[in-house]
There are 2 protein chains.
Amino acid sequence: MALRYAILGYLSSGPGSGYDLVQQMDGDLGWFWAASHSQIYPELRNLETAGLIEGTATTVGERLEKRVYSLTEEGARQLQAWTEKTPQYRPNRDAERLQLIFADGNGVESIRAHLETHLDHFTRRRAQLIGMRDRILNREHPRVEQRLALKDAQGRELSLFLRDIAYGGDLRRAEGEIAWAKESLARLDEL
Amino acid sequence: MALRYAILGYLSSGPGSGYDLVQQMDGDLGWFWAASHSQIYPELRNLETAGLIEGTATTVGERLEKRVYSLTEEGARQLQAWTEKTPQYRPNRDAERLQLIFADGNGVESIRAHLETHLDHFTRRRAQLIGMRDRILNREHPRVEQRLALKDAQGRELSLFLRDIAYGGDLRRAEGEIAWAKESLARLDEL
DNA sequence: CCGACCATGTAATATGTTACATGATTGT
DNA sequence: ACAATCATGTAACATATTACATGGTCGG
């Protein structure tokens, strides 16, 4: 279900193509809901059939076809209805920690390597999240600016606040994972 | 792939039935890989066919059939090989934060409700994780005790250490989410 | 005897990943 | 000309969810 709303949400800032969505899912939207193009293109057609978005065929240059979609009123209504629902939390699936608890037959080096990969992973993530959040709050993010232009002063404030806390939440998580990995590495050395 | 190793990992502490696994992974109190019985039973048969586990038919009472599986040497080898691999991080999928960033057309009340649900969710999770970790470290967790009995003093220390950090990592995350939700609620009130 | 729990399965559907496939445009 | 990027699709497979389905055991 969430992919559908990720798409509707993206289009609620303005029209966009499937390719735009693919880019976005590798970029900032992808921090909250990742999807590959093989999921996105079929879902766009489903959404059009369901009347939640509308597509217009355009061309780039002479022959390259491109469909640009925009949200219908019904799409906007369903998106808003979804955001108002109380969040559903999916069951935990965390392969890294699963690996860890069954690594008690391994050498300490393999555990150290695991923790270092973890540290590295979340260090990169932290950097990306900081960059993303700063671009938004410094009003340098074109797509967010496009969204803000649709709103009044209060709406803009709320929009920026929500983006601040959402990215801030992920950022805090990354920082927690970094601190955890460092502590765990230190404790491992004392073992 | 991870389901397979969740099962092998569970069985690496000692034999168990599909139902035992369902209990472990379904209620999912502080477990790291959730799965339902409709995934578990077929996967057990796959693993048996692949020679990674072996099942014995037993009965409970007079007629109730039950299959108890144990790890084969090949299963143990493949489990260990998996735990030694560098962790792969799946793409982020976080419907709650997705909901948040598109909630800028909603009333502040709906956002407050969202954050309160979040707070509640991770408060419960924190309690479960603390309980689980304490039971393990106080040597009151039967399944872990069973596992420890298979190891020497050093192995036991490593085993407990890994469980401590793994549950501690999730616990830290829950605490981060709680702090985040509280701060965000406070900031929302000032808006 | 009845309700809670033990125990295992299948089917239909939904979601997500990887690979295969094609062709145009833009900048150097 | 060539590489990088734009742009869209399908197919096969793997994984996960929900519903349907059956029957036994144990304790009160």
Side-chain angles (χ1 to χ4, degrees), chain A residues 1-8 10-11 15-27 29-30 32-50 53 55-69 82 88-95 98, chain B residues 1-8 10-11 15-28 31-50 53 55-69 82 88-95 98:
Chain A
M1 267 302 78
L3 172 60
R4 143 184 242 115
Y5 297 105
I7 293 175
L8 294 179
Y10 177 77
L11 293 179
S17 68
Y19 192 79
D20 293 336
L21 272 155
V22 171
Q23 298 311 103
Q24 202 67 22
M25 297 294 195
D26 287 334
L29 243 194
F32 300 119
W33 198 269
S36 58
H37 79 278
S38 62
Q39 264 189 295
I40 290 168
Y41 289 114
E43 186 64 20
L44 282 167
R45 272 173 278 129
N46 296 341
L47 286 168
E48 190 168 24
T49 306
I53 62 177
T56 346
T58 60
T59 54
V60 174
E62 283 296 294
R63 272 179 302 273
L64 184 55
E65 303 230 345
K66 174 177 177 169
R67 280 186 74 74
V68 175
Y69 295 93
W82 179 72
Q88 303 292 317
Y89 293 84
R90 321 208 136 268
N92 235 32
R93 284 194 182 96
D94 194 334
L98 192 66
Chain B
M1 267 300 80
L3 172 60
R4 142 183 244 115
Y5 297 106
I7 293 174
L8 294 178
Y10 179 79
L11 294 178
S17 67
Y19 191 79
D20 293 338
L21 273 154
V22 171
Q23 298 312 103
Q24 184 71 66
M25 302 176 90
D26 194 50
D28 161 49
W31 182 248
F32 301 107
W33 198 267
S36 59
H37 80 277
S38 61
Q39 263 189 294
I40 291 169
Y41 289 114
E43 186 64 19
L44 282 167
R45 275 174 275 129
N46 295 342
L47 286 168
E48 190 169 24
T49 306
I53 63 177
T56 346
T58 61
T59 54
V60 175
E62 283 295 294
R63 271 179 302 274
L64 183 56
E65 302 232 345
K66 173 175 174 169
R67 281 186 74 74
V68 175
Y69 294 94
W82 179 72
Q88 303 292 317
Y89 295 84
R90 319 208 136 268
N92 236 33
R93 285 197 179 93
D94 194 334
L98 192 66

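Naming convention: chains lettered A, B, ... in sequence-line order (proteins, then strands); numbering from 1 in each chain.
Spacing between atom CG of A:Asp26 and atom P of D:dT5 amounts to 13 Å, rounded to whole angstrom units. Atoms CE (B:Met1) and C1' (C:dT17) sit 13 Å apart, rounded to a whole Å. One interatomic measurement links the two molecules: CG of A:Asp20 to C1' of D:dT8, which rounds to 13 Å at whole-angstrom precision. Atom CZ in A:Arg90 sits about 9 Å away from atom C1' in D:dA16, given to the nearest Å. Counting to the nearest Å, the P atom of C:dT8 and the CG atom of B:Asn46 are 16 Å from each other. Atom pair A:Trp33:CH2 and C:dT17:P shows a separation of 10 Å (rounding to whole Å applied). Between the P atom of D:dT15 and the CD atom of B:Gln88 lies a distance of 14 Å, rounded to the nearest Å. A:Met25 has its CE atom 14 Å from the P atom of D:dT8, to the nearest Å.
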Next item on the list: Verify side-chain contact (heavy atoms from CB on, under 4.5 Å) between A:Met25 and A:Gln39, making sure each step is shown before the conclusion.
Entry: CA-CA 11 Å; A:Met25 297 294 195; A:Gln39 264 189 295; over 6 Å; no

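Ranking D:dG9, C:dT17, D:dT17 by closeness to the B:Ser36 side chain, first place goes to D:dT17. Closest contact between the side chain of B:Arg93 and the listed nucleotides D:dT5, D:dC20, C:dG16 involves C:dG16. Nearest to the side chain of B:Arg63, among D:dT25, D:dC6, D:dA16, sits D:dT25. The listed nucleotides are C:dA7, D:dC6, C:dG16; the one nearest the side chain of A:Gln23 is D:dC6. Nearest to the side chain of A:Lys66, among C:dT8, C:dT25, D:dT8, sits D:dT8. Comparing atom distances between the A:His37 side chain and each of C:dT17, D:dT8, C:dG23 picks out D:dT8 as nearest.
On a pure distance criterion of 3.5 Å, a polar donor-acceptor pair joins the side chain of A:Ser38 and the base of C:dT18.
In this structure the side chain of A:Leu3 reaches within 4.5 angstrom of the side chain of A:Ile7, judged on heavy atoms. At a threshold of 4.5 Å between non-hydrogen side-chain atoms, the residues A:Leu47 and A:Glu43 count as touching.
Within the structure, a side-chain polar atom (N or O) of B:Arg45 is placed less than 4.0 Å from OP1 or OP2 of C:dT10. OP1 or OP2 of D:dT8 has not a single side-chain nitrogen or oxygen of A:Tyr19 nearer than 4.0 Å. Residue A:Tyr41 places no side-chain N or O under 4.0 Å from the OP1 or OP2 atom of D:dG9.
Residues B:Leu44 and A:Ala35 each lie close to DNA chain C; by heavy-atom proximity, the contact nearer the 5' end of the strand is made by B:Leu44. Mapped onto DNA chain D by nearest heavy atom, A:Gly18 and B:Val60 fall at different nucleotides, with A:Gly18 at the one closer to the 5' end. Mapping A:Leu64 and A:Ala2 onto DNA chain C by nearest heavy atom places A:Ala2 closer to the 5' end of the strand.
A perpendicular orientation is assigned to the rings of B:Trp31 and B:Tyr10, their planes being inclined by more than 60° (bins at 30° and 60°).
Atom CG of A:Asp26 sits about 11.0 Å away from atom CG of A:Leu21, to the nearest 0.5 Å.
A donor atom on one side chain and an acceptor atom on the other are found under 3.5 Å apart for B:Asp20 and B:Ser17.
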